[in-house]
Amino acid sequence: MNIPDHVNAHWIATLGDDQLVAADVQLHGDFQALEAAEKFRMGEQYVLLRSPPPLVNAWIRWSLVDNEARERGLVVRHPR
C-alpha cells in the first residue's frame with residue numbers, strides 16, 4: 001500500500017475497511033520499529049513527545065489511522 005508522507009482525514013476517508021486495516025498494520029510496524037530503537041537509545045529517559053521528529057511523525061500518522069479504524073469498529077491485529 002502506498003501511504004502518503006502526510007496522512008490526513010481526506011486520505012483516510014478514501015480507504016475501504018480492508019485498506020484501512022492494512023494501513024494501520026503497516027504504520028504501526030513503522031512506529032514500533034522507530035520506538036524500539038529510541039527506547040534502546042534513551043533507556044529510562046525515553047519520552048515519546050520529546051523524541052526525534054521521525055518517531056513523533058510515525059506516531060501521529062499511525063494514531064490518525066488507528067483512531068479511524070476504532071471509529072469504524074474495526075479490529076486490527078498487529079503482528080508481534
Side-chain angles (χ1 to χ4, degrees):
M1 167 172 284
N2 186 17
I3 300 176
D5 290 334
H6 301 287
V7 171
N8 59 36
H10 176 71
W11 177 77
I12 292 171
T14 68
L15 301 177
D17 289 350
D18 291 342
Q19 292 171 311
L20 186 65
V21 169
D24 188 301
V25 169
Q26 183 176 337
L27 290 171
H28 183 264
D30 295 346
F31 165 67
Q32 201 168 34
L34 290 170
E35 183 183 44
E38 185 66 10
K39 282 182 174 180
F40 179 78
R41 187 177 80 81
M42 294 299 294
E44 290 183 19
Q45 296 177 347
Y46 169 77
V47 176
L48 175 61
L49 295 179
R50 291 186 184 156
S51 297
L55 173 56
V56 176
N57 289 335
W59 174 72
I60 291 169
R61 294 172 75 215
W62 169 62
S63 293
L64 290 169
V65 170
D66 187 57
N67 287 339
E68 178 63 21
R70 289 174 191 239
E71 183 70 26
R72 293 186 193 183
L74 303 174
V75 175
V76 180
R77 303 211 190 282
H78 299 114
R80 296 195 185 251

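In this chain, numbering begins with 1 at the start of the sequence shown.
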When hydrophobic residues are tied together by side-chain contacts of less than 4.5 Å, even through go-betweens, does Ile60 share a cluster with Leu49?
-> yes
Can you measure from CG (Leu48) to NZ (Lys39) and round to the nearest 0.5 angstrom?
-> 9.0 Å
Look at atom NE2 of His78 and say whether more than 12 heavy atoms of other residues, nucleotides or ligands are closer to it than 6.0 Å.
-> yes
Could you go step by step and tell me if Trp11 and His6 meet the side chain to side chain contact (heavy atoms under 4.5 Å, CB included) rule?
-> CA-CA 9 Å; Trp11 177 77; His6 301 287; over 6 Å; no
Nearest heavy-atom approach of Met1 to Ala22 is CE-CB, 4.4 Å
Tightest non-hydrogen contact, residues Pro79 and Val25, listed as CD-CG1, 3.9 Å
Is the CG atom of Asn8 crowded by more than 12 outside heavy atoms at less than 6.0 Å?
-> yes
Looking at CG of Leu55 and CE of Met42, how far apart are the two atoms once the value is rounded to the nearest 0.5 Å?
-> 11.0 Å
Hey, is the main chain of Phe31 close enough, under 3.5 Å, to the side chain of Arg61 for a donor-acceptor pair?
-> no
Closest non-hydrogen atom pair between Leu34 and Ala58, with its separation = CD1-CB, 3.7 Å
Partner residues of Arg70 under the salt bridge (charged side-chain N to carboxylate O under 4.0 Å, His left out) criterion, sequence neighbours left out = Asp66
Step by step, would you call Val21 with Asp24 a side chain to side chain contact (heavy atoms under 4.5 Å, CB included)?
-> CA-CA 5 Å; Val21 169; Asp24 188 301; 5.5 Å; no
Residues forming a side chain to side chain contact (heavy atoms under 4.5 Å, CB included) with Leu20, sequence neighbours excluded = Ile12, Leu15, Val65, Glu68, Ala69, Arg72, Leu74
Using a 4.5 Å cut-off on heavy atoms from C-beta on, say whether the side chain of Glu35 contacts that of Tyr46.
-> yes
